[in-house]
J.: 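First the structure, which I've put down as structure tokens, then a few questions once you've had a look.
Sequence lines set the chain letters: A, B, ... in the order given, protein chains first and strands last, and positions in each chain run from 1.
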Amino acid sequence: MRQSNLFTKTRKLAPKDEVSKNAQLLIRAGFIHKEMAGVYSYLPLGRVVLEKIERIVRDEMNKIGGQEIKMATLHPSEPWKQTGAWDNVDVVFKILSRTEKEYTIGQSEEEIATPIAQEYITSYKDLPLALYQIGQKYRDELRAKSGIMRGREFTMKDMYSFHETQEDFDRFYHTAKEAYLRVYERCGLVAKATEASGGAFTTKLSYEFMVLTDAGEDDILYCDKCSYCVNAEISDSKAGGGCTRCNIGSLARAKASEVGNIFDLGTKYAKDFDFTYKNRDGKNVHPIMGCFGIGITRLMGVIVEACSDEKGIVWPKEVSPFAVHLIAITGGNKDIIAEADRLYELLVDNGIDVLFDDRDTRAGEKFADADLIGISTRLIISEKTMTEGSVEMISRVDGVSTMIPDSEVIRRLTD
RNA sequence: CGGGCCGUCGUAUACCGGUAGUACGCAUGCUUUGGGAGCAUGUAGACUGGGUUCAAUUCCCAGCGGCCCGACCA
């Protein structure tokens with residue numbers, strides 16, 4: 001894309017109504033637009049980052065057998081009353097139509113996913129099943145905060161699984177946990193699978209996936225030697241105490257942000273909806289369910305919190321809005337403009353995802369904007385590089401600059 | 001929801017009981033062109049509603065909106 005066509009512009013100053021780093025940087029760089037507290041629109045750059053995160057999540061969910069669906073956002077009130085959530089969950093938005101009918105908008109989708117599965121699962125042969133979607137969620141939070149990390153509207157991947165036995169659930173739970181860790185790794189983050197409370201409907205533990213960041217809302221204790229990690233709210237241990245799993249390391253305390261959660265729902269929802277299937281003995285039994293969430297928009301916020309410096313965002317490669325930021329330093333020189341255009345077309349023709357700063361502005365402004373926007377790889381073409389028959393490649397991460405001969409540019413970018 | 005702070009051009013801010021200044025942006029022109037250029041000219045503003053006052057953007061009250069701390073967090 002040509003940057004001269006990008007309708008958003010960067011800002012030098014952070015908005016005064018945002019304190020969180022993620023919101024300040026994303027607004028300054030033109031990724032998001034605030035509608036009200038806790039609700040943001042995603043502009044071209046922000047939208048494409050979300051799409052890249054979704055692509056990773058979709059890929060990993062498909063790999064473990066998830067089937068993607070798209071559930072309704074506007075929900076009838078009946079299933080919510082059936083599970084008790086209508087009266088017991090205070091973040092549920094309630095809508096009254098002009099004919100006085102009650103509706104809700106999805107804050108989670110067990111109430112929709114369970115009846116869908118119920119329609120098709122009639123035999124043990126239909127199990128296991130994992131359905132997921134990536135969609136908007138709405139929660140009537142008393143206090144939105146931390147930019148896009150805790151909003152009233154957000155994007156979530158939510159998966160619901162159905163199993164014949166506890167053993168099969170445990171197997172899938174483990175598989176999903178591994179998939180989740182791959183998702184975060186591909187997003188450039190280090191997440192810890194953290195033992196936490198199982199929520200309202202089970203006494204078992206659940207796993208929360210935590211990324212260490214000072215912007216986080218949770219306190220965790222993690223072992224400095226093994227992968228053990230526990231939410232401080234359910235732990236009797238203290239920082240500096242010994243790890244009870246490996247008996248070698250000691251526990252450290254840190255702030256972290258939850259970027260995913262996986263739950264054992266047991267038979268709670270199957271019972272609420274009177275959902276049974278015929279088992280191998282011809283008996284009607286309830287399936288065991290699990291739910292598996294990843295906050296897509298929160299993940300984007302956490303990435304910005306974790307991957308940024310004083311100049312702006314530093315997107316990890318796989319979620320960078322573009323693979324390459326091509327910057328033309330032309331000084332109005334027509335030959336350089338023509339050469340930059342040629343290189344841009346060459347990159348596009350080779351399927352490289354490129355943002356081309358073809359604007360008629362000075363070098364300093366282009367560099368400052370590029371630092372702020374944070375595309376992982378930068379290519380610079382200027383009088384200096386042209387006389388050498390090369391292009392300058394700079395990594396946003398470490399600032400390392402390399403001169404690359406014209407003829408090798410495509411190969412270097414597609415390696 | 002309890003507590004605190006705050007609402008001034010598009011953005012960020014200043015001053016003030018007598019209708020508002022600066023910077024950035026934006027527009028036009030000239031110069032400039034590898035780290036947010038310079039000069040000139042122009043553009044654009046007091047959240048809403050009450051109250052006090054000769055006079056309110058300024059003081060008071062309420063509403064609305066925003067941020068923070070806490071609580072909450074299927």
J.: Table please: side-chain donor-acceptor pairs of residues 343-356 of chain A below 3.5 Å, with sequence neighbours left out.
T.:
| unit_1 | atom_1 | unit_2 | atom_2 | d |
| --- | --- | --- | --- | --- |
| A/Y344 | OH | A/M1 | N | 3.2 |
| A/N350 | ND2 | A/L346 | O | 2.8 |
| A/D353 | OD2 | A/K52 | NZ | 2.7 |

J.: Rounding to the closest angstrom, what is the interatomic distance between B/A46 and B/C16 at atom C1'?
T.: 12 Å
J.: Does A/E18 have any salt bridge (charged side-chain N to carboxylate O under 4.0 Å, His left out) partners at least two apart in sequence or in another chain, and if so, which?
T.: A/K34
J.: Without decimals, in angstroms, what is the distance between A/E233 CD and B/C72 P?
T.: 10 Å
J.: Could you tell me whether A/E51 and A/R47 have a side-chain N and a carboxylate O separated by less than 4.0 Å?
T.: yes
J.: Counting the atoms with a prime plus P, OP1 and OP2 as sugar-phosphate, which does A/T361 contact under 4.0 Å by heavy atoms, base, sugar-phosphate, or nothing?
T.: nothing
J.: For A/E110 and A/A14, find the nucleotide of RNA chain B closest to each by heavy atoms; which residue's nucleotide sits nearer the 5' end?
T.: A/A14
J.: What stems show up for RNA chain B when you take Watson-Crick pairs (N1-N3 plus N6-O4 or O6-N4) and G-U wobbles (N1-O2, O6-N3), both under 3.5 Å, and require three or more consecutive pairs?
T.: B:1-7 with B:64-70, B:10-13 with B:21-24, B:25-31 with B:37-43, B:47-51 with B:59-63
J.: Does either side chain, that of A/Q166 or that of A/D264, offer a donor lying less than 3.5 Å from an acceptor on the other one?
T.: yes
J.: Just checking A/N333: base, sugar-phosphate only, or nothing, at a heavy-atom cut-off of under 4.0 Å?
T.: nothing
J.: What pairs of residues pass the side-chain hydrogen bond (donor to acceptor under 3.5 Å, both in side chains) test when at least one of them lies in residues 284-299 of chain A, not counting sequence neighbours?
T.: A/K278-A/N284
J.: Could you run down the sub-3.5 Å N/O contacts of the protein with nucleotides 28-31 of chain B?
T.:
none

J.: For residues 292-335 of chain A, which residue pairs pass the ring pair (Phe, Tyr, Trp, His ring centres under 6.0 Å) check, not counting sequence neighbours?
T.: A/F31-A/W315, A/F172-A/F292
J.: List, with names and distances, any nitrogen or oxygen atoms from the protein found under 3.5 Å away from nitrogen or oxygen atoms belonging to nucleotides 66-71 of chain B.
T.:
| unit_1 | atom_1 | unit_2 | atom_2 | d |
| --- | --- | --- | --- | --- |
| B/G66 | OP1 | A/A37 | N | 2.8 |
| B/G66 | O3' | A/K34 | NZ | 3.1 |
| B/C67 | OP1 | A/K34 | NZ | 2.8 |
| B/C69 | OP2 | A/R143 | NH2 | 2.5 |
| B/G70 | N7 | A/R143 | NH1 | 3.4 |

J.: If the condition is ring pair (Phe, Tyr, Trp, His ring centres under 6.0 Å), which residues does A/F209 pass it with, not counting sequence neighbours?
T.: A/Y180, A/Y184
J.: Check side chain to side chain donor-acceptor pair (under 3.5 Å) between A/E388 and all other residues, then give those that pass, not counting sequence neighbours.
T.: none
J.: Does the side chain of A/R11 get closer than 4.0 angstrom to OP1 or OP2 of B/U11 through an N or O atom?
T.: no
J.: Please name all residues satisfying side chain to side chain donor-acceptor pair (under 3.5 Å) with A/D272, sequence neighbours left out, ordered by chain then number.
T.: A/K268
J.: Which letters describe nucleotides 41-47 of chain B, given B = protein heavy atom under 4.0 Å from base, S = only from sugar-phosphate, - = neither?
T.: -------
J.: With sequence neighbours left out, what residues match A/F169 under ring pair (Phe, Tyr, Trp, His ring centres under 6.0 Å)?
T.: A/H163, A/Y173
